[in-house]
Structure formats: structure tokens, C-alpha cells
Protein chains: 2
Amino acid sequence: MADGRNSGTIGGENLLFLTDEQLRQGIEAMFFAYRGFTADPDRILADLAYGRAHHRAVHFINRAPGTTVNNLLNILGVTKQSLNRVLRTLIADGLVESRVGKTDKRERHLHLTDDGRALESRLSDAQRARMRSAFRDAGPDAVAGFRTVLEAMMDNEMQRAYTRLKESGS
Amino acid sequence: MADGRNSGTIGGENLLFLTDEQLRQGIEAMFFAYRGFTADPDRILADLAYGRAHHRAVHFINRAPGTTVNNLLNILGVTKQSLNRVLRTLIADGLVESRVGKTDKRERHLHLTDDGRALESRLSDAQRARMRSAFRDAGPDAVAGFRTVLEAMMDNEMQRAYTRLKESGS
DNA sequence: AGTTTATGTCAGCCTTGTTGACATTCCAAG
DNA sequence: CTTGGAATGTCAACAAGGCTGACATAAACT
């Protein structure tokens, strides 16, 4: 595995797509593509004194309105202190509303305000535009493969979060 | 574009894979998968008081031994000051060697030491293991699609950097 | 009543981005 | 040959956003 070689062809099946060189290209593609993936929203956010952390919060609050802080924590995979700092500024700036839970008053349910939704749209339009262009260039079969590989790359926990969101889709 | 709808079917071609919902799933898949992508090396690095930035530097120095600081800067897309801090610790810890350029003494050419190569192997074995497992689960066609979409998602500049590295592959 | 759970806050640390200032080296125009 | 600008790299200081730990509060559960 650390011998710098590859898996070659085994058992009559062609596994040349699993050589170390192929894997390294996949790793580097992932690295560069992720930069492209975040570049457009980052540019918008920089003007607003917000960062990627704010984008993520706004995205998932929009995706699951009324979600609790704890729920968001699990999706984002950060500490509550870290998330709280971001939420505090978003609430102070009037982009997010925090409502005390009806049945369980310890919980805070998070919603975007109109301003919050406006920002979310701006950010996600920019990000979708690039994704759309990439998808269109690549074609439907490539897109299906793209999604298959990404899903296989997630941890089980993330896969569950992802699937839950996917199935709640409009 | 901000109307919450999709591209539907246009001109007789099926473009259902370009709906806003599909794009959003692609965006979220990218987000969760990237976490998986970095999770294994991050765990190793945490024990060593290094971060992701050190991993990236070590990866690309290994990939292109003798590269200059400036060259690395372009690949990584950070400021030279930021890279320099990382390089300084790597050099101090004896993982990277910085050699003054022969023809141009302003340049520093970067090489991994044996220890540096050992760390690189550990990190990249972990990352490749996950990538290999994802590739194998997904199959060669999905992998091809994965790469096609990622390449289409890069900026032109990154695409050039990526292609240059790819073509210099062993 | 006592324990657990959900949330928020304060303080302080680390990594890794940023800008600004500066030193060294090279090269080319005068 | 000198001098000024460009290229390259280093040092200092700051900000964002991760992290841990400690603690307060309120509600829910037993």
C-alpha cells in the first residue's frame, strides 16, 4: 500500500482506475475543485464581513427552517461555541430569527428573515451557477457518477445527514 | 435564476439533472464529501501539532520536488506569508529542506527529507485508502464522471495547475 | 427534589488566512 | 558600472473561525 505501486489487474477485472496515480489525481481534483466550489460565495461574503461559516449556517437554516441549534451543530460538525459566535452575529444583523421552542422551551428554532433569505439567494445563486455550468458541460452520466463517488466518500454519519436532507427536498 | 424553479426540458433534450434541487444536492454532496476527504489526514495531523496547511505543502513538494516557493504559492492559492509560516515549521522540524537556487539565488528550491517523505506517505496512504474504497464502490464509469465534473468546476487557472501536475504524473 | 439535557456565554488557545514593512538578489536601462 | 525596479522570500502583527474548559440557566425527566 505504501510501495508506490498500484492494484494492477486482479482476478480478470480491470482495476486500472484504482492505481495510486489515479487516486492521487482524484485527490488533487478534489482539492482544486473545492476551491472553485467556494470561490464565488467567498467573494460575495468578503464584502459583507462574513465568512464561509456564515454561509454554511444560512444555507442549512434555509434548507430546514425551524431547525434547532443542536441539529445544526450535528450537520455542520463544529462546536456550539463556534456556531454560536456565527449565529450571534447573524441574529444581531437581523438575518436569522431565533424562536423559543413551543413544546420544549429550551430549544431555539432558527429561521431566516427576509434579509436572510435575500443573502441566501445571492450566495446560492452564485454557487449554483457554477455547479450548473459544470453539470451541463459534463452531462447527466458524469453527474450521476460524480454523486455516486461523493456519497461513497462520506462518513456514515454524514451520509445519513445528507440523505435525510436529500429526501426532504422540495 | 432566483425564481426557485428549474431548467425543465428544453429543446427536446432532457435537462432534469439541472434542476435547482439537483444542483443543491450536488452542493451538499460536495460539502459532506469534502469533510470525509480531509477527515483521515486531519486525525493524523492533530497528533503532530500540524494542520491541513502542512499537509498541502508536503503533498505538493512531494509531487514536484525542487519546486520554488513562488510556484507552490500559485498552486496553493495562499499568500506567501501564510505559506512561509508553514514552511518555516516544516524546515525547523527537519521535514523539508530549502536550497538556495543555483542560477537565481533569490529562489528557494524545496525538497522533502526522509522524515518528510515518511509523513507524506502516512498522510497520503490514509487519504488514498478512503479514495480507493470510494472509487471501488462506485466503479470506473462513476469515477470518470466524478473527474469530469470536478474538472469542469475548477477555475481556468486551477485547471491549468491541475493538468500540469496530472501530465507530470509518474 | 435531584439529575439530565439543551442552550448560551466567557475566556483563552491554535491554525491559517490576511496586510504591511523590509532585505536580498537579479536584471536592464542609462 | 551604477542605479532603480522587479522578483523573491522573511518577519511582525492582526482577524476569522476552529477548539477546549468552565459555568449559568431553564426546562424536562425520574
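Order of the sequence lines fixes the chain letters, A, B, ..., with proteins taken first and strands second; residue numbering starts at 1 for each chain.
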Open item on the list: Please report the distance, rounded to the nearest Å, between CG in A:Asn84 and C1' in D:dG18.
Closed with: 14 Å
Open item on the list: Within a 6.0 Å radius of atom CD on A:Glu157, are there more than 12 heavy atoms belonging to other residues, nucleotides or ligands?
Closed with: no
Task: side chain to side chain contact (heavy atoms under 4.5 Å, CB included) between B:Leu18 and A:Arg136, worked out - done: CA-CA 7 Å; B:Leu18 290 177; A:Arg136 182 157 30 213; 4.1 Å; yes
TODO: Remember a base hit wins even if backbone is also touched, and classify A:Arg85 as base, sugar-phosphate or nothing at under 4.0 Å, heavy atoms.
DONE: base
Task: Ion pair check, B:Asp40 and B:Arg122, cut-off under 4.0 Å - done: no
- [ ] Assert yes or no for the condition that the ring centre distance of A:Phe135 to A:Phe146 is strictly below 6.0 Å.
- [x] yes
Task: base_contact_polar (D:dG17 base, A:Gln81 side chain, donor-acceptor, <3.5 Å) - done: no
Task: Residues A:Glu120 and A:Arg117 bridged, charged N to O under 4.0 Å - done: no
- [ ] Apply side chain to side chain contact (heavy atoms under 4.5 Å, CB included) to the pair B:Asp42 and B:Arg52, showing each step before the final yes or no.
- [x] CA-CA 7 Å; B:Asp42 280 357; B:Arg52 221 174 271 181; 2.7 Å; yes
Open item on the list: Using a strict threshold of under 4.0 Å (side-chain N to carboxylate O), is an ion pair present between A:Arg99 and A:Glu97?
Closed with: yes
Task: Nucleotide range of DNA chain C lying under 4.0 Å from chain B heavy atoms - done: C:dT15 to C:dC26
- [ ] May I ask you to check whether B:Tyr34 and A:Phe31 place their ring centers less than 6.0 Å from one another?
- [x] no
Task: Side chain A:Gln127, main chain A:Thr38, donor-acceptor under 3.5 Å - done: no
Open item on the list: Just N and O in the side chain of A:Thr79: are any of them under 4.0 Å from OP1 or OP2 of D:dC19?
Closed with: yes
Task: Base-contact (B) and sugar-phosphate-only (S) positions in nucleotides 1-8 of chain D, heavy-atom cut-off under 4.0 Å, - elsewhere - done: -----BBS
Task: Salt-bridge contact A:Glu151-A:Lys166 (side-chain N to carboxylate O under 4.0 Å) - done: yes
Task: Earlier contact from the 5' end, DNA chain D, for A:Val78 and A:Lys102 - done: A:Val78
TODO: Check the distance between D:dT20's P and A:Leu83's CG and give it to me in whole angstrom.
DONE: 14 Å
TODO: Identify which nucleotide among D:dA13, D:dG17, D:dA27 has an atom closest to any side-chain atom of A:Lys105, counting heavy atoms from C-beta outward.
DONE: D:dA27
Open item on the list: Just to be sure I understand the geometry, which residues of residues 32-58 of chain A put a non-hydrogen atom under 4.0 Å away from DNA chain C?
Closed with: none
TODO: State plainly whether the residues B:Arg132 and B:Asp125 are in salt-bridge range, i.e. N to O under 4.0 Å.
DONE: no
